[in-house]
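Shown next, in structure tokens, is the structure this report addresses.
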Amino acid sequence: MIEKIEQWIHQTNRAHSAKRQSCILFREQFKGFYSPSFLQNAYFVVTDNIPKPDFPELRDAGLDDFLDMEVDGMTYGNTYYVKQEYEEDLVLHFHELVHVLQWQQLTVPRFIARYMQEVQAFGYRKAPLEDMAFSLEDRFKAGESSFDIAGYVSSHL
């Protein structure tokens, strides 16, 4: 199933490649949090509908709630998708960029397997990968001084 999801991700990102924008657009807003080279190679797509893989195997694995949940953003590899009304929401971009780092550092198959396992065991909001992104988002929202997010993610995976 992981291979099927990985193929779906590559197809989805390819299908939206013309709409992708580089996150280097946020270099000033995220200065000190994310490196320019990382932002240069991370992308987002503004869309009306967040794409999600909806395979019977995922539902059989008990991920119905996650698949049916309304979300404002979702990350697949080095690309994340945000709803049009949240295009300017820096906090959402910050959160999704944490996931881009997680995908990078874990690799696609390991991220997929771990994310699914965590959502099954803990639920979406308490899944450790999500919890990490939310806690870093909270620190950003609180105006905390910049710090190396990539290093933090690496040391906490």
Side-chain angles (χ1 to χ4, degrees), residues 2-54 58 66-67 69-119 124-125 127-157:
I2 290 173
E3 187 174 301
K4 185 176 181 179
I5 295 168
E6 190 171 358
Q7 289 173 356
W8 178 89
I9 288 168
H10 292 306
Q11 290 170 345
T12 300
N13 286 344
R14 246 190 326 272
H16 292 87
S17 63
K19 295 183 189 178
R20 285 188 341 162
Q21 299 178 64
S22 172
C23 293
I24 197 68
L25 296 171
F26 306 118
R27 73 178 156 267
E28 289 306 314
Q29 296 93 326
F30 296 152
K31 189 176 187 175
F33 291 105
Y34 297 108
S35 73
S37 62
F38 168 74
L39 292 173
Q40 182 72 44
N41 295 298
Y43 303 91
F44 68 97
V45 175
V46 178
T47 183
D48 292 328
N49 299 303
I50 303 293
K52 287 187 187 176
D54 193 0
L58 292 171
F66 176 75
L67 293 171
M69 179 177 60
E70 277 294 314
V71 294
D72 302 326
M74 182 69 70
T75 303
Y76 300 117
N78 71 342
T79 303
Y80 61 91
Y81 296 78
V82 295
K83 285 188 176 177
Q84 192 160 8
E85 59 265 35
Y86 296 98
E87 180 177 6
E88 304 293 325
D89 186 338
L90 283 177
V91 173
L92 179 60
H93 286 278
F94 189 94
H95 178 104
E96 297 305 327
L97 283 165
V98 172
H99 289 311
V100 172
L101 282 167
Q102 293 169 338
W103 280 88
Q104 272 184 357
Q105 293 182 20
L106 289 171
T107 72
V108 173
R110 286 179 53 219
F111 180 92
I112 294 168
R114 180 168 167 177
Y115 194 87
M116 286 175 40
Q117 179 186 29
E118 289 181 3
V119 169
Y124 165 75
R125 182 56 185 87
L129 290 170
E130 278 301 334
D131 189 57
M132 179 190 299
F134 278 113
S135 68
L136 291 170
E137 167 191 322
D138 289 344
R139 291 171 71 176
F140 176 73
K141 280 193 300 195
E144 189 170 317
S145 299
S146 62
F147 61 97
D148 176 25
I149 300 294
Y152 179 93
V153 169
S154 179
S155 67
H156 288 81
L157 283 178

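Fair warning: this is a prediction, and the values are worked out from it, not measured in the lab.
- For the residue pair His99/Gln102, the side-chain donor-acceptor check at 3.5 Å is satisfied.
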Could you walk me through whether Val46 and Tyr86 pass the side-chain contact (heavy atoms from CB on, under 4.5 Å) test, one step at a time?
CA-CA 8 Å; Val46 178; Tyr86 296 98; over 6 Å; no

Less than 3.5 Å apart, which donor and acceptor atoms pair up between the side chains of residues 148-157 and the rest of the protein, not counting sequence neighbours?
unit_1, atom_1, unit_2, atom_2, d
Asp148, OD1, Ala150, N, 3.3
Asp148, OD1, Gly151, N, 3.3
Asp148, OD2, Gly151, N, 3.2
Ser155, OG, Gly151, O, 3.2
Ser155, OG, Tyr152, O, 3.1
His156, ND1, Tyr152, O, 2.8

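- Tyr76 meets the side chain to side chain donor-acceptor pair (under 3.5 Å) test with no other residue; sequence neighbours excluded.
- Residues Leu58 and Met116 have side chains in contact (heavy-atom distance under 4.5 Å, counting atoms from C-beta outward).
- By the side chain to side chain donor-acceptor pair (under 3.5 Å) test, Tyr115 pairs with Glu130, sequence neighbours left out.
- The aromatic rings of Phe140 and Phe33 stand perpendicular to each other, their planes meeting at an angle above 60°, with 30° marking the opposite boundary.
- Within the structure, salt bridge (Lys or Arg N to Asp or Glu O under 4.0 Å) contacts touching residues 30-54 (residues at least two apart or in different chains) are Asp54-Arg59.
- Shown here for Val100 and Ala42, the closest heavy-atom pair between the two residues is CG1-CB, 4.1 Å.
- Interatomic distance, Ile112 CD1 to Lys4 NZ, rounded to the nearest 0.5 Å: 13.0 Å.
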Show the numbers, then the answer: is there a ring pair (Phe, Tyr, Trp, His ring centres under 6.0 Å) between Phe30 and Phe38?
CA-CA 11 Å; Phe30 296 152; Phe38 168 74; 9.8 Å; no

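- Annotation: the span from Thr12 atom OG1 to Ile5 atom CD1 amounts to 11.5 Å, rounded to 0.5 Å.
- Counting heavy atoms from C-beta outward, His16 and Thr79 have side chains that stay 4.5 Å or more apart.
- In this structure, the side chain of His93 engages the main chain of Glu87 through a donor-acceptor pair within 3.5 Å.
- Side-chain atoms of Gln29 and Leu39, non-hydrogen and from C-beta on, never get closer than 4.5 Å to each other.
- Atom CD of Gln21 sits in a crowded spot, with more than 12 heavy atoms from other residues, nucleotides or ligands closer than 6.0 Å.
- Cys23 and Phe44 get closest at one heavy-atom pair: SG-CD2, 3.9 Å.
- Partners of Asp138 under the salt bridge (charged side-chain N to carboxylate O under 4.0 Å, His left out) rule, at least two apart in sequence or in another chain, are Lys141.
- Counting non-hydrogen atoms of neighbouring residues, nucleotides and ligands closer than 6.0 angstrom, the CD atom of Glu3 reaches no more than 12 such neighbours.
- We find the CG-CD distance between Asn49 and Gln84 to be 10.5 Å, quoted to the nearest 0.5 Å.
- Using a 4.5 Å heavy-atom cutoff, the side chains of Tyr43 and Ser17 are not in contact.
- Arg110 places a side-chain N or O within donor-acceptor distance of the main-chain N or O of Leu106, the cut-off being under 3.5 Å.
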Quick one, Leu136 with Arg139, criterion side-chain contact (heavy atoms from CB on, under 4.5 Å). Give me CA distance, side-chain angles, the key distance, then yes/no.
CA-CA 5 Å; Leu136 291 170; Arg139 291 171 71 176; 4.1 Å; yes

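- Remark: Pro109 engages Ile2, Glu6, Thr107 in a side chain to side chain contact (heavy atoms under 4.5 Å, CB included) (not counting sequence neighbours).
- A heavy-atom distance below 4.5 Å is found between the side chains of Tyr34 and Val98.
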Hey, mind stepping through Asp89 and Asp72 against side-chain contact (heavy atoms from CB on, under 4.5 Å) and telling me if it holds?
CA-CA 10 Å; Asp89 186 338; Asp72 302 326; over 6 Å; no

Please test Asn13 against Tyr81 for side-chain contact (heavy atoms from CB on, under 4.5 Å), starting from the C-alpha separation and ending with a verdict.
CA-CA 10 Å; Asn13 286 344; Tyr81 296 78; 2.7 Å; yes

